Colleague: 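Sharing a structure, written as structure tokens. Questions coming.
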Amino acid sequence: MTEQTRPSHPTTDPHGAVRPPEHRARQKTPLEQMGGTTGLVYMMLPVVAFVLANSSYGLTAAICTAVGVALAISVLRLVRKESIQPALSGLFGVAVASFVAWKTGSAKGFFLTGIWANLALAVLFLVSVLVRRPLAGVVWGALNGTGTAWLKDKPSRHYYDIATLTLVGVFAARVAVQQWLYDQDRTGWLAVAKIAMGYPLLALAFLVVLWAGRRSGKRLKALAGQRPTGSS
């Protein structure tokens, strides 16, 4: 007897709905990995709470309010069985920022770690371009499972150089604007700048990364199609 092979055409489930022969798990987008739109709102709330509490009740109350809001968000996401990782990251960031504000004795110190972080990221991404390992491509390959095959293709590296330098520009712009506001003691405007120059600018930069990934992907597919059929 010969073994009967499973049909490759779509099958139907008990309810009569057409079902494809293979189900591939849809890869989450970076926005979904951060908790979606709701997750982004959650990450902004502690900042807004800090500024409002500081203007009305002072630094100590502002620190307690920001940490309390971040902690409440973490508990809420846990109860709702949502991804807890973005909330925990936000709670850690708020705790560190609050500690710096407490040590400096100034509300504007709450934003100091963010300025330092953006400066470090700008330097790191710029160095990655100089050593011909643009981080935009490395991160994109890790997120999409495409690896680092693009490193062997000069045009692909050029695409990711552009994407990485775009991110450098975003980080550098944040540092320039927020450092100026920090020096001017504009705590309220620091909060506005942190939110306005946060995910909106990052989303624009991500479009450039997406462009680079697609251009590189097309090139690599075309190069693979040009290989001799007998090559390994």
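Below, all heavy atoms of this structure are taken into account, side chains as well, without hydrogens, waters or symmetry copies. By convention here, the first residue in the shown sequence is residue 1. Quick caveat, the model's predicted, so the values are computed rather than measured.
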Colleague: Look at the side-chain heavy atoms of Ile, Leu, Val, Met, Phe, Trp and Tyr, link any pair under 4.5 Å apart, and say whether Phe92 and Ile115 land in one connected group.
Modeller: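 No, because Phe92 and Ile115 fall into different hydrophobic clusters, even though each may have its own neighbours under 4.5 Å.
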
Colleague: Which atoms form the tightest heavy-atom contact between Pro46 and Ile73, and what is the distance?
Modeller: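 Answer, listing the atom of Pro46 first, then Ile73: CD-CD1, 4.2 Å.
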
Colleague: Applying a strict under-4.5 Å side-chain criterion to I, L, V, M, F, W and Y, I'd like to know whether Val51 and Val67 cluster together.
Modeller: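 Looking at the clustering, Val67 is in the same group as Val51.
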
Colleague: Roughly how far, to the nearest 0.5 Å, is the CG atom of Leu202 from the CZ atom of Phe171?
Modeller: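 The CZ atom of Phe171 sits 6.5 Å away from the CG atom of Leu202.
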
Colleague: Kindly give the heavy-atom pair with the smallest separation between Arg157 and Arg132, and that separation in Å.
Modeller: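 Scanning both residues, the minimum pair turns out to be CD-O, 4.0 Å.
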
Colleague: Kindly give the heavy-atom pair with the smallest separation between Ser128 and Thr164, and that separation in Å.
Modeller: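 Reported closest heavy-atom pair: OG-CG2, 3.7 Å.
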
Colleague: What's the separation between atom CG in Leu126 and atom CG in Leu121, rounded to the nearest 0.5 Å?
Modeller: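 Here the interatomic distance stands at 12.0 Å.
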
Colleague: Write down the atom of Leu59, the atom of Gly105, and the distance for their closest heavy-atom approach.
Modeller: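 For Leu59 and Gly105, the tightest heavy-atom pair comes out as CD2-C, 3.6 Å.
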
Colleague: Is Asn118 close to Gln179 at the side-chain level, that is, under 4.5 Å between some pair of heavy atoms?
Modeller: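 Gln179 does not reach Asn118 side chain to side chain.
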
Colleague: Considering all heavy atoms of both residues, which atom of Leu167 and which atom of Ala205 are nearest to each other, and what is their separation?
Modeller: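 For Leu167 versus Ala205, the nearest heavy atoms are CD2-CB, 3.5 Å.
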
Colleague: Compare every heavy atom of Ala53 with every heavy atom of Thr65, then report the nearest pair and how far apart it is.
Modeller: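 Residues Thr65 and Ala53, closest heavy atoms: OG1-CB, 3.6 Å.
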
Colleague: Using the rule that two of Ile, Leu, Val, Met, Phe, Trp, Tyr join whenever any of their side-chain heavy atoms come within less than 4.5 Å, decide whether Leu71 and Leu78 are in one cluster.
Modeller: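 No, Leu71 does not connect to Leu78 through the hydrophobic network.
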
Colleague: State the CZ-OG distance between Phe111 and Ser106, to the nearest 0.5 angstrom.
Modeller: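 One finds 10.0 Å between CZ of Phe111 and OG of Ser106.
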
Colleague: When hydrophobic residues are tied together by side-chain contacts of less than 4.5 Å, even through go-betweens, does Val47 share a cluster with Phe99?
Modeller: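 They do share one cluster, since a chain of ILVMFWY contacts under 4.5 Å joins Val47 to Phe99.
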
Colleague: What distance do Gln178 atom CD and Trp189 atom CH2 have between them, rounded to the nearest 0.5 Å?
Modeller: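 If we round to the nearest 0.5 Å, Gln178:CD and Trp189:CH2 are 13.5 Å apart.
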
Colleague: Just to verify, what does Lys108 make a salt bridge (Lys or Arg N to Asp or Glu O under 4.0 Å) with, not counting sequence neighbours?
Modeller: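 Residues passing salt bridge (Lys or Arg N to Asp or Glu O under 4.0 Å) with Lys108: Asp185.
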
Colleague: Are Val48 and Tyr57 joined in one hydrophobic group, where the rule is that I, L, V, M, F, W and Y side chains link up if heavy atoms are under 4.5 Å apart?
Modeller: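 In one cluster with Val48: Tyr57, no.
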
Colleague: Taking the side chain as C-beta and beyond, is there a heavy-atom pair between Phe206 and Tyr199 under 4.5 Å?
Modeller: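 No, every pair of side-chain atoms sits at 4.5 Å or beyond.
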
Colleague: Considering only heavy atoms from C-beta outward, does the side chain of Leu181 approach that of Thr187 to under 4.5 Å?
Modeller: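 A side-chain contact is absent here, since even the closest heavy-atom pair is not under 4.5 Å.
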
Colleague: Checking the side chain of Arg133 only, and the main-chain atoms of Val138 only, is there a donor and an acceptor separated by less than 3.5 Å?
Modeller: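 No; zero donor-acceptor contacts below 3.5 Å.
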
Colleague: Mind checking whether Trp150 and Tyr160 have ring centres under 6.0 Å apart?
Modeller: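 Between Tyr160 and Trp150, which both carry aromatic rings, the centre distance is below 6.0 Å.
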
Colleague: Mind telling me whether Phe110 and Phe50 have parallel, tilted or perpendicular rings, with 30° and 60° as the class edges?
Modeller: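 Answer is parallel, since the angle falls under 30°.
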
Colleague: Distance check, rounded to the nearest 0.5 Å: Asp161 atom CG versus Thr166 atom OG1?
Modeller: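 OG1 of Thr166 is found 10.5 Å from CG of Asp161.
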
Colleague: Which atom pairs, donor and acceptor, lie under 3.5 Å between side-chain atoms of residues 209-218 and protein residues at least two apart or in another chain?
Modeller:
| from | atom 1 | to | atom 2 | distance (Å) |
| --- | --- | --- | --- | --- |
| Arg215 | NH2 | Tyr159 | OH | 3.2 |
| Ser216 | OG | Ser156 | OG | 3.0 |

